[in-house]
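Per chain, numbering begins at 1; letters A, B, ... match sequence-line order. This is a predicted model, so every value here is computed, not measured.
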Amino acid sequence: MTSTPATSTAMTAAAETASAAPAAEAADGTALHGPVTDWFDEHARDLPWRRPEAGAWGVMVSEFMLQQTPVSRVLPVYEQWLTRWPRPANLAAEAPGEAVRAWGRLGYPRRALRLHAAASAIQERHGGDVPREHGQLLALPGVGEYTAAAVASFAYGQRHAVLDTNVRRVFARAVTGRQYPPNATTAAERKLARALLPQDEQLAARWAAATMELGALVCTARGPECHRCPIAAQCAWQLAGAPAHEGPPRRTQTYAGTDRQVRGKLLAVLREAVAPVPQQVLDAVWDEPVQRARALDGLVSDGLVEPLGGGRYRLPHA
DNA sequence: CAGACGTGGCA
DNA sequence: TTGCCAAGTCT
């Protein structure tokens, strides 16, 4: 490659690599690769989906579960799922309601439905094996840009920019010098992520996992532990004096009293029930009838609840 | 593109 | 106690 440039120069060049294409060596962020991947080698958590026996299916299941849900809550459910459904075919053979039930309280249960649908699609379109191509992954239900890149990178060792909330925050600080990334992912962020991606395929995959882990363990949203950060000395945000976030406030979501809370209560009853649930039992979870009906209708139209007629409901059987 | 979509832990 | 935050996707 090249000699290691002065750190701050390297950072600035990487940040500006978007527009021009100057000395490619100084602009490629090479100075960060070693420190971050070395740190990862020493500090990476031993998570089950990172073990070789997890396979691509284990990686995919974990990625679905980790969408907006912390690792600590995913761990036990992940183990149950992989034990019960070690292959996509096993899940595809179940009623979708069983996936919703086994999802437990992870939240956003539509993910369970989509994972079940993804397993079916894998069975039908790919012979039961999680596809390797980014485009084929992206075509699966519940798989967006992030998850497609993550599976391709973590499960198959391919070179993809994996841009999740952790990586976005690390880049925002280390390279762009801001405390937080923009609310929505921008083209500039994608461009930067591609520019920083190591050329070597295996190193790129390791870099993706390492930057994510750094954001999860050290460069956290609230209390970043910069004294433990392998690139603190090169961090643009630190070098700028750790300025506070400017711009529009990060959007915050309310929950109490919303349809989402009602949906959650309704679905909790149905998950626990073995037999179809009478309307009157569901009515007991929320006293406001209009909102309650709207929430139930929403669950039905989402395919999370199956109406049986006669005022009885259950998790979907097909 | 802003908003919908669950749940629980922690400061 | 309230508010923030957690490996996003879909419409």
The side chain to side chain contact (heavy atoms under 4.5 Å, CB included) partner of Val151(A) among His160(A), Met60(A), Arg132(A), His134(A) is Met60(A)
Taking only the [atom1] atom of each, what is the distance from [N] to [M] in whole angstrom?
N      : M      : atom1 : value
dA4(B) : dA7(C) : P     : 22 Å
dT1(C) : dG6(B) : P     : 25 Å
dT9(C) : dG8(B) : P     : 23 Å
dC5(B) : dT2(C) : P     : 23 Å

Next on the checklist: Taking any heavy-atom pair under 4.0 Å as a contact, classify Phe64(A): base, sugar-phosphate, or nothing.
Outcome noted: nothing
Can you tell me if [X] and [Y] form a side-chain donor-acceptor pair at under 3.5 Å?
X         : Y         : result
Gln179(A) : Trp237(A) : no
Gln253(A) : Arg260(A) : yes
Tyr313(A) : Gln279(A) : yes

Find the distance [X]:[atom1] to [N]:[atom2] and express it as a whole number of Å.
X         : N      : atom1 : atom2 : result
Arg260(A) : dA4(B) : CZ    : C1'   : 6 Å
Leu299(A) : dG6(B) : CG    : C1'   : 11 Å
Leu304(A) : dT7(B) : CG    : P     : 11 Å
Leu267(A) : dC5(B) : CG    : C1'   : 12 Å

- Would you say Arg263(A) reaches dG6(B)'s phosphate, i.e. side-chain N/O to OP1/OP2 under 4.0 Å? yes
Point to revise | Main-chain N/O of Glu272(A) paired with Arg101(A) side-chain donor or acceptor, under 3.5 Å | key: no
For residues 53-65 of chain A, the side chain to side chain donor-acceptor pair (under 3.5 Å) pairs (sequence neighbours left out) are Arg51(A)-Glu53(A), Glu63(A)-Tyr146(A)
Given protein heavy atoms under 4.0 Å, the one-letter contact record of nucleotides 4-11 of chain C, with B base, S sugar-phosphate only and - none, is simply BSBBBSS-
